[in-house]
Amino acid sequence: MINQMIESILQPIFSEAMLNAGYADYIHLLHFEKPKISSHGDCATTIALSLTKSAKKPPRAIAEEIIQQLQFDTVLIASVEIAGPGFINIRFGELFYTKLLESIALAGESYGKSSVGNGKKVNVEYVSANPTGELHLGHGRNACIGDVIANLYHWSGYDVTREYYFNNAGNQMTLLGLSVHARYCQIFDTTYPFPENGYKGEYISDIAQQLSEAHGNSLVEPTDSHIAVCKYAAEKWCTDSIQKTMATLNIAHDVYFNEQTLYEDGSIDKTIQDLREKQLVYEKEGALWIALSKIQEKLTDRVIVKSTGEPTYRLPDIAYHRNKFERGYDTIVDVFGVDHIATVPDIIAATKALGYDDEKIHVLLYQFVTLMENGEQVKMSKRSGKSYTLNELLNDVGGDVVRFFFIMRSINTHLEFDLALAKEQSEKNPVLYVQYAHARICRIMETAKEREIPLTNNNNYSLLEKDEEKNLIKTLARFEEHIQRALASHEPYIITEYLRELASDFHAFYHHCPVLRTEGELRDVRIALCKFSQSALRNGLHILGVSAPNSM
RNA sequence: GCGCCCGUAGCUCAGUCGGAUAGAGCAACAGCCUUCUAAGCUGUGGGCCAGUGGUUCGAAUCCACUCGGGCGUACCA
């Protein structure tokens, strides 16, 4: 909102001045930014600083020349000053604020929504855990990042598919079945051996216990069919657990894509065949290799079909991405943990070699979550079994806190999860600060309704002249800009930071500017400002998947 | 060894396409409830931006090297 205003108001005025001052060739360098320190102004440009080299003049002199040519209406732009080494600081006039508020009013309850995506198809793949255990905290970060990214696309007018890729076949599942069977047998014979590298989590024993209750000791013979029963029970248990956790987080995928489909519909074979035609595969030591070094020098060749005849994970991954392309997505987003970093360039190179536009793929690699408890790092590993699960976390601190916490940081920094803090001081969590601002507004709106104060669209916005009001308006006007920035950089934390700032500006306004304790036009226009803030807070929280309570 | 990410206040983190006095939250300290919710507001203290050198009017930001932490470097996913 504010950007459009700056573009449509400031840009022409300054371009004109630059033209008249003899800097016509450099108009494309002109841009405006928000000064770090608010007392410097509402808006600033560094154009004079960036012209020093080409103009061979001191920056302040250039700024002077440009300012002398400026022609503007003081209702729109209150002041323009040179500061520091040559910054040009601009202060908005009352009409500028009025125009901002009018456009926010026009957007109404859907403030923040845009159609920049123009209905383009986007596929966001996230979570994608195989049913071999419960979701842990790493999956939690994945789930929350992915869901917010999908929401950001949705709010920007894209047609979004939320997808979950999983595999319930293969080595890991076999091992899962064997692990359950071993625990089952140990119920009857404590000396029964447990498979090396087997899944050691407590849930394995729970599943085994359930099996013993249903089947007695009839499954102790380690036959294929008995192990299959164990495997099936384990898969069912894990799938249910994952679904339950996702439901608690309020995440619903549109598509569950099973890796098996790629084998069944011939995609795997076709991928090998097509790579072969392009002479990108060769046999060596009984295995089938993909010649990645031929596609890109930096890459090293990898095995895609083992000498045992089984494919490695790379092959279905390539076929899967191909499948997404074939489904016609304009943008493909994958949310992976950093441990996948080695495979990403391989898959991108392979899909490119197969003739797809690799620019459409965006792989979001998030850094690991480290869980801290009493100042010590708790190691999380599914197979060792010592893990604090996402479900336990949800029970302990609730969905809103979990969602906010997992996206509070840039995806490429480690997320330190202080369990003690999350459990004991969840009231101090920033999510409550933001929610509280929303709840406060709701109370004002309710009271206004009870007192039968009519909401008008004809507000005299020029009455909003206190600093707290102006700050709130400026922050409010940057909502859309932050959504776009979060989307373009695929960084959900930008929204959490923005909402904190917005809530902070609202709390300050609330404290310094009485709303219902004022009379007449000023009261009405402040109610309007509350309403706009309510929409932005509610919509922002909605994008984060966090609830916006009416009272707290 | 090589590749990627990170190192900023006591703690957790922003800022990294070079720009003004390096910011926020938490923690600490001092104030503010006869008022639309004090889950709030206002103020104070706190920094050799890991280190060294370079590039220039100007570097937390760019380049080189060094030191610390994480991840990867599979015929595991």
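No hydrogens, no waters, no symmetry mates; every other heavy atom, side chains included, goes into these values. For clarity, every value in this text was computed on a predicted model and none was experimentally measured. Below, read A as the first sequence line, B as the second, and so on, with proteins coming before strands; counting in each chain starts at 1.
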Colleague: Report yes if at least one side-chain N or O of A:Y433 is closer than 4.0 Å to OP1 or OP2 of B:C41; otherwise report no.
Modeller: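 Indeed, a polar side-chain atom of A:Y433 lies that close.
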Colleague: Does A:H340 have any ring pair (Phe, Tyr, Trp, His ring centres under 6.0 Å) partners at least two apart in sequence or in another chain, and if so, which?
Modeller: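 Ring pair (Phe, Tyr, Trp, His ring centres under 6.0 Å) list for A:H340, sorted by chain: A:F336.
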Colleague: Protein within reach of the bases, or only the backbone? For nucleotides 1-8 of chain B, mark each nucleotide 5' to 3' as B, S or -, using heavy atoms under 4.0 Å.
Modeller: ---SSS--
Colleague: Does anything in residues 499-515 of chain A reach RNA chain B, meaning a heavy atom under 4.0 Å, and if so which residues?
Modeller: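 Contacts with RNA chain B under 4.0 Å: A:R500, A:H507, A:A508, A:Y510, A:H511, A:H512, A:C513, A:P514, A:V515.
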Colleague: Among residues 282-300 of chain A, which contact RNA chain B at a heavy-atom distance under 4.0 Å?
Modeller: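 Nucleic-acid contacts, sorted: A:E285, A:A287.
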Colleague: By side-chain hydrogen bond (donor to acceptor under 3.5 Å, both in side chains), which residues pair with A:R409, not counting sequence neighbours?
Modeller: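 Applying side-chain hydrogen bond (donor to acceptor under 3.5 Å, both in side chains) to A:R409 gives none.
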Colleague: Could you work out the separation of B:C49 and B:U61 based on their P atoms and round it to a whole Å?
Modeller: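 Going atom to atom, P in each nucleotide, I get 10 Å.
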Colleague: Check every atom of B:A20, B:C75, B:A77 against the side chain of A:N89 and return the nucleotide holding the closest atom.
Modeller: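 The answer is B:A20.
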Colleague: Suppose you measure atom C1' in B:G3 against the same atom in B:A39; what distance do you get, rounded to whole Å?
Modeller: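 B:G3 and B:A39 have their C1' atoms separated by 46 Å.
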Colleague: Looking at residues at least two apart in the chain, or sitting in another chain, which of them share a side-chain hydrogen bond (donor to acceptor under 3.5 Å, both in side chains) with A:N258?
Modeller: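 With neighbours one apart ignored, the set is A:N168.
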Colleague: Considering only the C1' atoms, how many Å lie between B:G10 and B:A27, rounded to the nearest integer?
Modeller: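 Their C1' atoms lie roughly 8 Å apart.
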Colleague: Can you tell me, in whole Å, how much space there is between the P of B:G25 and that of B:C36?
Modeller: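 Between the two P atoms, the distance is 27 Å.
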Colleague: Please table the atom pairs, donor to acceptor, closer than 3.5 Å between any side-chain atom in residues 445-456 of chain A and protein atoms at least two apart or in another chain.
Modeller:
| from | atom 1 | to | atom 2 | distance (Å) |
| --- | --- | --- | --- | --- |
| A:T447 | OG1 | A:R443 | O | 2.7 |
| A:T456 | OG1 | A:N459 | OD1 | 3.3 |

Colleague: Taking both distances under 3.5 Å as the test for a Watson-Crick or G-U pair, what stems of at least three pairs does RNA chain B have?
Modeller: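 Stem list for RNA chain B: B:1-7 with B:67-73, B:10-13 with B:23-26, B:28-32 with B:40-44, B:50-54 with B:62-66.
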Colleague: Quick one: which of B:U12, B:U73, B:A20 gets closest to the side chain of A:H40?
Modeller: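 The listed nucleotide nearest to A:H40's side chain is B:A20.
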Colleague: Kindly write out the residues that satisfy side-chain hydrogen bond (donor to acceptor under 3.5 Å, both in side chains) with A:T351, not counting sequence neighbours, or none if the list is empty.
Modeller: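 Once residues adjacent in sequence are excluded, A:T351 has no partner under the side-chain hydrogen bond (donor to acceptor under 3.5 Å, both in side chains) criterion.
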Colleague: Less than 4.0 angstrom between a side-chain N/O of A:R440 and OP1 or OP2 of B:A38, yes or no?
Modeller: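 True: A:R440 side-chain N/O within range (under 4.0 Å) of B:A38 OP1/OP2.
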Colleague: When rounded to the nearest Å, what value does the distance between P atoms of B:A74 and B:C62 take?
Modeller: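 About 30 Å, rounded to a whole number of Å.
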Colleague: Throw together a table of side-chain donor-acceptor distances under 3.5 angstrom for residues 288-299 of chain A, partners on residues two or more places apart or in other chains.
Modeller:
| from | atom 1 | to | atom 2 | distance (Å) |
| --- | --- | --- | --- | --- |
| A:W289 | NE1 | A:K284 | O | 3.2 |
| A:S293 | OG | A:D301 | OD1 | 2.8 |
| A:K294 | NZ | A:Q279 | O | 2.8 |

Colleague: State which residues pass side-chain hydrogen bond (donor to acceptor under 3.5 Å, both in side chains) with A:D334; sequence neighbours excluded, sorted by chain then number.
Modeller: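 Partners of A:D334 by the side-chain hydrogen bond (donor to acceptor under 3.5 Å, both in side chains) criterion, ordered by chain and then number, come out as A:H321, A:K324.
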Colleague: Between B:G70 and B:C29, how far is it from one P atom to the other, in whole Å?
Modeller: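 The answer is 35 Å between these two P atoms.
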Colleague: Using atom P of each nucleotide, how far apart are B:G47 and B:C5 to the nearest Å?
Modeller: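 B:G47 and B:C5 have their P atoms separated by 30 Å.
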Colleague: Do any pairs count as a side chain to side chain donor-acceptor pair (under 3.5 Å) and have a residue in residues 495-509 of chain A, sequence neighbours left out, and if so which ones?
Modeller: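 Only A:K34-A:E501, A:R440-A:H507, A:T475-A:D505 qualify under side chain to side chain donor-acceptor pair (under 3.5 Å).
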Colleague: In terms of side-chain heavy atoms of A:I444, which of B:C36, B:A14, B:U12 is nearest?
Modeller: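 Nearest nucleotide to the side chain: B:C36.
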